[in-house]
Amino acid sequence: MRVTILFGGSNKERLVSVASAQALHRALPDADLWFWDVRDEVTEVRSEALLGHARPFEDEFIAGGSGEPLERALDRAKAEKRVLVLGLHGGRAENGELQAMCELRGIPFTGSGSAASHLAFDKVAAKRFAALAGVAAPVGVPLADIDRALAEHGRLIAKPARDGSSYGLIFVNATQDLLGVREAAKTEDYVIEPFVSGVEATCGVLERADGTVIALPPVEIVPAEGAFDYAAKYLAKTTQEICPGRFSPAIAARIMDDALRAHRALSCRGYSRTDFIVTGEGPVYLETNTLPGLTAASLFPKALKAQGIGFADFLRDQIVLAERAVCTG
């Protein structure tokens, strides 16, 4: 099958997607490059255009030339027997819509299927399923109770219910912060929770071509300015991402076990990454990403390296799994 890297998208995480696509293309230099732009069109781009885009986290990527509607591009992917390597994040790329469009056409693609993607993208539902699997998760706070919850807990955190937490993250430390949450909640649903103090951590889960599923070494995150938002993840020079994290063997084992439990509870496929806060009592679940960042500086590739797995080997396994899923689906 023809390997095609699909990147871009119309949501807020399209800049990260371009950086992921650069890393993917370096590992898969013979793959075709399809750019999904904000007009909902797909344009084939040349290698030098993608790799020559010097500031992917700051500047928009412009494909140039004429494209075709996404649905028509997917019809062509089916006709041309393409397998899509998804260098996409957030929005319709991660909420299950794109996956459903591919599944209905019989197009193989990397990552989780539509049902798992849709479930994991909804932070409230994902948290509920993780809890059913025995993973500790924070209680939710209704927007109507936010004043009482702030008085009770002292600090809260609010994040979009169905989007990446890099964007729209709000720390509620005082009553004046409540206005920002209420304003943000007018345009999209928000998850509000008591602030959990501890060490930020994330743990990848990997399915290999032989069917084995493993948890990768946990990553410890020390964010710049205390908040692991978009700027801290991709722009700040002082954010530290330590892999393997400086956790005791017992805590590291719990993080890895919880990540596996979440991956299975949400029926993820191929790979995922689950975020935690590690408290004195152990890890607390935050969310699961079905299309985590794959940039040269992203957390999942760092964990792969710590496990001794080459990035190109990881991608080849994911392509095999994608093709197999279509054959057995």
Side-chain angles (χ1 to χ4, degrees), residues 13 15-16 19-20 22-24 26-27 56-57 89 120 130 135-138 155 157 159 164-167 169 171 193 195-208 213-263 268 271-315:
E13 297 192 58
L15 299 183
V16 181
S20 286
Q22 290 177 331
L24 292 169
R26 290 187 180 101
F57 296 117
H89 311 295
V135 180
R155 297 179 71 188
I157 190 166
K159 52 194 173 183
S165 294
S166 299
Y167 298 90
L169 192 65
F171 290 89
E193 297 167 343
F195 182 84
V196 179
S197 296
V199 178
E200 297 199 40
T202 193
C203 185
V205 171
L206 174 66
E207 182 180 354
R208 306 298 299 271
V213 182
I214 63 169
L216 300 174
V219 181
E220 177 187 352
I221 301 162
V222 185
E225 306 300 328
F228 198 49
D229 55 11
Y230 184 87
K233 283 184 181 182
Y234 303 115
L235 303 177
K237 303 296 185 184
T238 55
T239 293
Q240 299 179 61
E241 298 161 346
I242 304 164
C243 186
R246 299 169 296 183
F247 304 109
S248 70
I251 290 297
R254 285 185 61 183
I255 294 170
M256 294 166 72
D257 183 62
D258 281 356
L260 281 167
R261 287 172 181 265
H263 181 93
C268 297
Y271 64 105
S272 70
R273 200 198 76 222
T274 295
D275 300 337
F276 301 93
I277 293 291
V278 182
T279 71
E281 288 72 43
V284 175
Y285 178 88
L286 297 179
E287 61 183 277
T288 296
N289 303 272
T290 54
L291 286 177
L294 295 176
T295 76
S298 289
L299 301 170
F300 197 93
K302 287 185 177 182
L304 287 172
K305 184 177 180 180
Q307 185 70 23
I309 298 171
F311 191 57
D313 293 332
F314 154 71
L315 293 174

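What you see is a predicted model, and the numbers here were worked out from it, not measured in a lab. Any value given below was found using the heavy atoms of this structure, including those in side chains, with hydrogens, waters and symmetry copies removed.
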Requested in this report: Using a 4.5 Å cut-off on heavy atoms from C-beta on, say whether the side chain of Tyr271 contacts that of Leu304.
Outcome: no
Query raised in the report: Going through the checks in order, is the side-chain contact (heavy atoms from CB on, under 4.5 Å) test met by Arg208 and Ile309?
Result: CA-CA 11 Å; Arg208 306 298 299 271; Ile309 298 171; 3.6 Å; yes
Query raised in the report: Salt bridge or not for Arg254 and Asp258, using N-O below 4.0 Å?
Result: no
Query raised in the report: Is a side-chain N or O of Glu220 found less than 3.5 angstrom from the main chain of Arg246, in a donor-acceptor match?
Result: yes
Query raised in the report: Quick one: does Ser248's side chain have a donor or acceptor within less than 3.5 Å of a partner on Ile251's backbone?
Result: yes
Query - Approximate separation, where rounding is to 0.5 Å, of Phe300 CZ and Thr202 OG1 - result: 9.5 Å
Query raised in the report: When you check the side-chain N and O atoms of Thr274 and Thr288, is any donor under 3.5 Å from an acceptor?
Result: yes
Report task. Supply the atom-to-atom distance Ser298 OG to Phe311 CZ, rounded to the nearest 0.5 angstrom. Result -> 8.5 Å
Query raised in the report: Are any side-chain N or O atoms of His89 and backbone N or O atoms of Leu291, one a donor and one an acceptor, separated by less than 3.5 Å?
Result: yes
Query - Spacing of CD1 belonging to Ile214 relative to CD belonging to Gln307, to within rounding of 0.5 Å - result: 4.5 Å
Query - Residues Phe57, Thr295; criterion side-chain contact (heavy atoms from CB on, under 4.5 Å); working and verdict - result: CA-CA 10 Å; Phe57 296 117; Thr295 76; 4.0 Å; yes
Report task. Kindly compute the distance separating CZ (Arg155) from OG (Ser197), expressed to the nearest 0.5 Å. Result -> 6.0 Å
Report task. Could you tell me whether a side-chain N or O of Asp275 sits under 3.5 Å from a main-chain N or O of Glu287, the two making a donor and an acceptor? Result -> no
Query - Mutual orientation of the aromatic rings belonging to Phe276 and Tyr285 [parallel < 30°, tilted 30-60°, perpendicular > 60°] - result: perpendicular
Report summary line: Output for pair (Leu206 CG, Leu260 CG), nearest 0.5 Å, gives 10.5 Å
Requested in this report: List the steps and the verdict of side-chain contact (heavy atoms from CB on, under 4.5 Å) for Lys159 and Leu286.
Outcome: CA-CA 11 Å; Lys159 52 194 173 183; Leu286 297 179; 4.1 Å; yes
